[in-house]
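What follows is a single structure, written as structure tokens, with notes after it.
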Amino acid sequence: MSIKTLSLRTLLFLGLCQTCRRSLASELRDQPKKIAVVGAGIGGSATAYFLRKEFGAAVKIDVFEPETVGGRLATVKIGEQEYETGGSVIHPLNLHMKHFIDNLGINQRESVPSKMAIFDGKELTFEESDWFIVNMLRMLWRYGFNFLRMQMWVEGVLDKFMRIYQYQQFGYSFSTVEKLLHAMGGDGFLMLANQTLEEAMLREGFSQVFLNDIVAPITRVNYGQSVRINGFVGAVSLAGADSGLWSVDGGNRLVCSGLLYHSKAELIPARVTSISVKVRPSKLGTTTNFYEVNYVGESGPAHSLYDIVIVATPLHQGKSDISFPGFSPPIPSHYPGRYHQTVSTLVYGQLNVSYLGAHQTPAHFTVSEVLTTDSEGCALHSLSSVDPVSIPPGYQRPPASQPKVWKIFSPQPLSEEQLAAIFLSWDPAASETRWLAYPAYRPPHRRTPPFVLHERLYYLNAVEWAASAMEMSAIAARNAALLAHHHWHGLAGKVDQEDLHVRIRGEL
Ligand SMILES: Cc1cc2nc3c(=O)[nH]c(=O)nc-3n(C[C@H](O)[C@H](O)[C@H](O)COP(=O)(O)OP(=O)(O)OC[C@H]3O[C@@H](n4cnc5c(N)ncnc54)[C@H](O)[C@@H]3O)c2cc1C
Ligand SMILES: *[C@@H]1O[C@H](CO)[C@@H](O)[C@H](O)[C@H]1NC(C)=O
Ligand SMILES: *[C@@H]1O[C@H](CO)[C@@H](O)[C@H](O)[C@H]1NC(C)=O
């Protein structure tokens, strides 16, 4: 009898210990139950996709988006066809974007050959020929080896940039933009990001004339700004003048809806108004933090609790208005610095080629991309003949003698007078989108916002202060999913490691 009681007691004791051990272990190893993503642009939808990969099938992922999925990737319909109004081109070495379309079974849009020219407000100062060798000779004649050296310089930056894919493949993540840049390109990248493109290129021995004539038009078309943007985004911008650029068949925003679908996330059509931290007792008598996300949807205000939250919209004036009550140190609704306005106007019309001072007859004017120099008379940043998001079979871009769709980027909305100067005739139903498009880059800068706002609260768009591009948001999305995973499971060895490019070679 007494032995029986003893053994029963022992059994009970052992059993209890078993359960307490299991609950202790599971408390640490449990997967999160609910994760929120704020915003369904390419950043937010890629985050949902990568979170699913990191945390498996069981976690519930909610994505909040009050407007259209895609954010700054958007199309408008003109006539029977759709055209990109926001982010449009993707570099051939943007591996995440490439991976997304491959995985989602989406195609690249058929490419249509294009020809570039540069306009100084009075005339075309440069016009690309159909012949590569002619272009090269013209560049050599005017700018010596500046042009070839620029391609080599950009390639050098790109080589280091590409390291990020290997780091992410191995699961490494970074808690700040500076650490991410440093892991890719060391102190050189930090310096590049903290000086103007002009300073960086003059230091490398490029001529001021080359900067004004060739580099400025490229930064103007890509970022609506001068060569005083930071050197890192400048290099990204120059890479955006490489050949082999592509876009997505049917519209770039299809990548966002595809990623959301693939991630099995729930899309909640609501605007997040505040995120606060709630402390709750846990099973073990300690406490756990939850995040309370407050939002306003069609059926009014509501809130939900999450283990992890990822903010994938810029925390800047005019971009979002989310408050973070109760955090210490405080999290601001708006970080310092502002977003730059670029107005994207799509016009169906017939160009007045004399406006560009072109010598050819309209029927022979086949330039599709007109960039502009940073000169007084240039109210436009660029003027391009654009093709629909899906290229119909047998499509040929019409010459300037026929009415077609033109896209104009400008800092201010275009007036009737301006349109009348550019076009002989145009359809008054033009589409105008006033984007707060990308940061107004003004290096040197104070610290960029962090990727980690609080223990398990992350912020993607800090990355835009290095450079704003679809691929940058995708890189930040992968990074945030990895950070969230490593913090949750206490894997400190995968966060902010130094000298990765040397170490990974050892691990291979
Ligand atoms: C005119 C233009 C041309 C460009 N050209 C290129 C290009 O050729 N190539 C390239 O790579 N990049 C280009 N870019 C940049 C690129 O579009 C952006 O870097 C990228 O799309 C940013 O994606 P994101 O998801 O980080 O942000 P966003 O696309 O801005 O997504 C944020 C989302 O969050 C939502 N949101 C905001 N507030 C809240 C809230 N409170 N609650 C819930 N949701 C909220 C917004 O509605 C939005 O949908 C261009 C941008 C513009 C504007
Ligand atoms: C076309 O542009 C030229 C140069 O700006 C201008 O002189 C001419 O009047 C324009 N033609 C029409 C028909 O508007
Ligand atoms: C950028 O440069 C300025 C001065 O030129 C310096 O004060 C600042 O600390 C630098 N920032 C970073 C992040 O290196």
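Here, residue 1 is the first one in the sequence, and each next residue gets the next number. Please read all numbers here as calculations on a predicted model, not as lab measurements. Just so you know, ligand 1 is whichever comes first in the structure, and atom 1 is the first atom listed for that ligand.
- The two residues R109 and D387 come nearest to each other via the heavy atoms NH1-O, 3.2 Å.
- Considering backbone and side-chain N/O atoms, W435 never comes within less than 3.5 Å of an N/O atom of ligand 1.
- Using modelled atom types, one finds a donor on one side chain and an acceptor on the other under 3.5 Å when comparing S375 with T373.
- We find the OH-CD1 distance between Y295 and I268 to be 5.0 Å, quoted to the nearest 0.5 Å.
- Geometrically, ligand 1 and E464 share no nitrogen or oxygen pair separated by less than 3.5 Å.
- The backbone N or O of P439 lies less than 3.5 Å from a partner atom in the side chain of Q225, making a donor-acceptor pair.
- From the protein, the heavy atom lying nearest to atom 15 (C) of ligand 1 is S468 OG, 3.9 Å.
- Around NE2 of H99, the count of heavy atoms belonging to other residues, nucleotides or ligands within 6.0 Å exceeds 12.
- For P66, no nitrogen or oxygen atom sits less than 3.5 Å from a nitrogen or oxygen atom of ligand 1, counting backbone and side chain alike.
- Looking at V89 next to ligand 1, an N or O pair under 3.5 Å apart turns up.
- Comparing heavy-atom distances from atom 48 (C) of ligand 1 across E84, E67, H91, E65 singles out E65 as nearest.
- There is no side-chain donor-acceptor pair under 3.5 Å between Y223 and S468.
- Contacts between T433 and ligand 1, counted as non-hydrogen atom pairs separated by less than 4.0 Å, are absent for every part of the residue.
- At a 4.0 Å cut-off, not a single heavy atom of L460 sits close enough to ligand 1 to count as contact.
- Not a single N or O atom of S320, backbone or side chain, sits closer than 3.5 Å to an N or O atom of ligand 1.
- Ranked by closest heavy atom to atom 7 (C) of ligand 1, the top entry among S88, G44, G41, G224 is S88.
- Remark: distances from the non-hydrogen atoms of G70 to ligand 1 include one below 4.0 Å.
- Checked by distance only, ligand 1 and I322 stay at 3.5 Å or farther apart across all their nitrogen or oxygen atoms.
- For the side-chain hydrogen bond (donor to acceptor under 3.5 Å, both in side chains) with Q168, the qualifying choice from R478, H96, R163 is H96, the only one to do so.
- Looking at S473 against ligand 1, only its side chain comes within 4.0 Å, counting heavy atoms.
- If you check each of Q341, M97, M470, K407 against atom 10 (C) of ligand 1, the one with the closest non-hydrogen atom is M470.
- Protein residues with a heavy atom closer than 4.0 Å to ligand 2 are N352, S354, Y355, L424, listed by chain and number.
- Between H182 and F189, a ring centre-to-centre spacing not shorter than 6.0 Å is recorded.
- Within the structure, the closest approach of S344 to ligand 1 does not fall below 4.0 Å when heavy atoms are considered.
- Between R253 and E82 there is a salt bridge, with a side-chain nitrogen of the basic residue lying less than 4.0 Å from a carboxylate oxygen of the acidic one.
- Between F409 and ligand 1, no pair of N/O atoms sits closer than 3.5 Å.
- Contacts of N94 with ligand 1, taken as heavy-atom pairs under 4.0 Å, are absent altogether.
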### Task
Start with the C-alpha distance between F324 and H454, add both sets of side-chain angles, then the distance that settles ring pair (Phe, Tyr, Trp, His ring centres under 6.0 Å), and finish with yes or no.
CA-CA 11 Å; F324 296 90; H454 186 250; over 10 Å; no
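- In the model, S382 has no side-chain atom that pairs as donor or acceptor with a side-chain atom of E369 under 3.5 Å.
- In this structure, of A46, G39, A469, S45, the residue bringing a heavy atom nearest to atom 34 (O) of ligand 1 is G39.
- Of the inter-residue distances, the one linking N289 atom CG with E455 atom CD reads 5.0 Å to the nearest 0.5 angstrom.
- Checking Q412 against Q418 by side-chain atom types alone, no donor-acceptor pair falls below 3.5 Å.
- Here the two rings, on F100 and F50, have centers that are under 6.0 Å apart.
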